[in-house]
Amino acid sequence: MPNHQEYTRKPLAVVVNDDATQLTVLAGLLQQSGIEARAFESAEEALAAMNPDHPPDIVVTDLFMPGIDGWKFCRLLRSPEYKAFNRVPLLVISATFSDYETVRISADLGADAFLPSPVNGKRFLAQVHTLIRGKKPADMPNVLLVEDSKAQAFLLKEAFESHGYAVDVVPTVAAAMDAFEQKTYDAAVLDYHLPGEKGDALLPVLQERRPDCVCIMITTDPRPELALEWMKKGASAYLRKPLSPEYLVELCAKAHREKALLRLENLLELRTRELRASEYRFRSFVENASDIVFSMTPEGFFTYLSPNWFDLTGEPAEESIGNSFKQYIHPEDIPSCRTLLRQLVATGEKQRSVEYRIKSRDGSWRWQTSSVSPLQDRSGNVISCIGIARDVTERKRAESALRALAESGIGSGEGIFHIL
């Protein structure tokens, strides 16, 4: 384990992120604060380069990466196969999730802390230095042992505490119910034979009130139907006595990781449904709008066109994607449209407007006005331009008619009003 006393050398950080920009920023922040940073774009590269004889003082990893993602990376670094790195602090960073569930899941998988991305530089460095100095977040997993045998409870409590758990022991179902009212437990080990009431009476209650709690039944009773009934009631696993306390702790951790992954899958499914619903609402708005919605590259090549593009040009939207706007714009108006795109890319302004003529499906030129906004990446570079085009042909005709009247010699407002 790294020496977290006064440093006689620069502390070493391993940073893993498949986004080159984020990787550079994080490594740069660490270097500026006096920490040697070794940057890797994949967990595979990091694992191959990490020296078991001289483990890093901290690992900073993204969650969603190709190949071995951050979740698998954390589990590997906490596994017996990578024992030299088991106690290296892990800091997880993610732009995708930043709520309580992900913080909880990260802890379940062995991470010591979590920060949302893009990171706040000061907060990031403060967290890194805190972890390097050996101070862990005060978020020890809580386990409740419901066991009436003092000798058995002592052995189990000692085993869990040696693995970093905070342990409470109660001898009865009633005492367990009181404990669950006062504290949130990550795991519960329930003896089947308890004074006054069987331990499995707690399973339905915990399933309803504490569905995230891992419940493990222990018993001397060999009947297989009991095990089946416990699993139906919500137990994560069961063990026969006599049992190995170390094996029980490992089984508890394994069941907790499985629950964490299930919560992640549920969270991803929820986010996916929300995204699909949002996409459906947006698509419905776009497809039913009278204006044309479009996006294009900074060079002016269409990447999206709403379906009503066909009503204007007679060309299906999907066939026009990839074409340059210049194919459809009046030659005299191309310079002004090109200038707008260049200004958006150069300045990153929120919105600019331009008027131009576009050839309609009957061969006539119709006037459009487009409000165009830039879409930027995290570095501020414009990667796309999004716009809404509205037909203003009738307005332009009215303006032209007014100019014609003025030029015909009718100079007074009264004369114009009389003719109109």
Side-chain angles (χ1 to χ4, degrees), residues 78 100-112 136-221 226-264 266:
R78 293 295 183 251
Y100 170 79
E101 275 298 319
T102 306
V103 178
R104 185 70 253 172
I105 291 168
S106 298
D108 291 341
L109 297 181
D112 296 285
K136 303 293 183 69
D139 191 21
M140 298 172 65
N142 296 314
V143 62
L144 180 66
L145 301 178
V146 188
E147 171 62 74
D148 62 321
S149 166
K150 292 183 179 180
Q152 181 74 72
F154 174 80
L155 292 174
L156 297 182
K157 185 174 188 291
E158 191 175 54
F160 274 102
E161 287 180 341
S162 70
H163 287 270
Y165 287 82
V167 183
D168 292 329
V169 179
V170 294
T172 64
V173 169
M177 294 289 287
D178 290 340
F180 275 107
E181 289 295 329
Q182 298 173 31
K183 186 184 292 187
T184 298
Y185 289 95
D186 301 281
V189 178
L190 314 176
D191 186 23
Y192 178 51
H193 293 285
L194 293 171
E197 196 170 0
K198 297 290 192 293
D200 62 350
L202 287 165
L203 290 174
V205 178
L206 296 181
Q207 187 73 2
E208 179 182 352
R209 299 184 187 177
R210 300 283 190 270
D212 291 340
C213 180
V214 168
C215 297
I216 297 179
M217 294 295 304
I218 57 176
T219 183
T220 56
D221 197 319
L226 279 178
L228 177 62
E229 188 65 26
W230 294 334
M231 301 299 272
K232 287 168 62 178
K233 288 181 178 180
S236 299
Y238 71 94
L239 284 178
R240 290 266 307 278
K241 294 181 180 180
L243 54 86
S244 163
E246 288 293 324
Y247 181 72
L248 174 61
V249 173
E250 177 57 32
L251 180 63
C252 185
K254 182 179 179 181
H256 212 66
R257 287 193 294 268
E258 289 174 353
K259 277 209 176 240
L261 290 174
L262 286 174
R263 287 203 301 274
L264 173 62
N266 292 336

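Not measured: the values here are computed from a predicted model.
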Work out which heavy atom in [X] is nearest to a heavy atom in [Y]; give both atom names and the distance.
X	Y	answer
Val170	Ala175	CB-CB, 3.7 Å
Pro245	Ala159	CB-CB, 3.6 Å
Val143	Ala188	CG2-N, 4.5 Å
Pro171	Asp148	O-CB, 3.7 Å
Ala255	Val214	CB-CG1, 3.6 Å
Glu147	Ala153	CG-N, 3.9 Å

Practice prompt. Run the numbers on Leu190 and Trp230 for side chain to side chain contact (heavy atoms under 4.5 Å, CB included), then give the verdict.
Written response: CA-CA 11 Å; Leu190 314 176; Trp230 294 334; over 6 Å; no
Quick one: are [X] and [Y] in side-chain contact, heavy atoms under 4.5 Å?
X	Y	value
Phe154	Val169	no
Asp186	Asn142	yes
Tyr238	Leu226	no
Val167	Leu156	no
Lys241	Ile218	yes

Item to complete: Evaluate the side chain to side chain contact (heavy atoms under 4.5 Å, CB included) criterion for residues Asp168 and Leu144: first the C-alpha distance (whole Å), next the side-chain angles of each, then the deciding distance (0.1 Å), finally the verdict.
Response: CA-CA 5 Å; Asp168 292 329; Leu144 180 66; 3.8 Å; yes
[atom1] of [X] to [atom2] of [Y]: how many Å apart, nearest 0.5 Å?
X	Y	atom1	atom2	answer
Leu203	Glu229	CG	CD	9.5 Å
Leu202	Lys233	CG	NZ	10.0 Å
Glu197	Thr172	CD	OG1	9.0 Å
Cys213	Gln207	SG	CD	10.0 Å
His193	Thr219	NE2	OG1	4.0 Å
Tyr192	Thr220	OH	OG1	10.0 Å

Worksheet entry | Electrostatic pair Asp112-Arg78, nearest N-O below 4.0 angstrom | yes
Discussion item. Quick one, Phe180 with Arg209, criterion side chain to side chain contact (heavy atoms under 4.5 Å, CB included). Give me CA distance, side-chain angles, the key distance, then yes/no.
Written reply: CA-CA 9 Å; Phe180 275 107; Arg209 299 184 187 177; over 6 Å; no
Worksheet entry | Enclosure of Tyr185 OH (heavy-atom neighbours >12, cutoff 6.0 Å) | yes
Item to complete: For the pair Met217 and Lys198, evaluate side chain to side chain contact (heavy atoms under 4.5 Å, CB included) and give the outcome as yes or no after the intermediate values.
Response: CA-CA 11 Å; Met217 294 295 304; Lys198 297 290 192 293; over 6 Å; no
Practice prompt. Using atom types as modelled and distance alone, determine if a side-chain donor or acceptor of Asp191 lies under 3.5 Å from a backbone N or O of Val146.
Written response: no
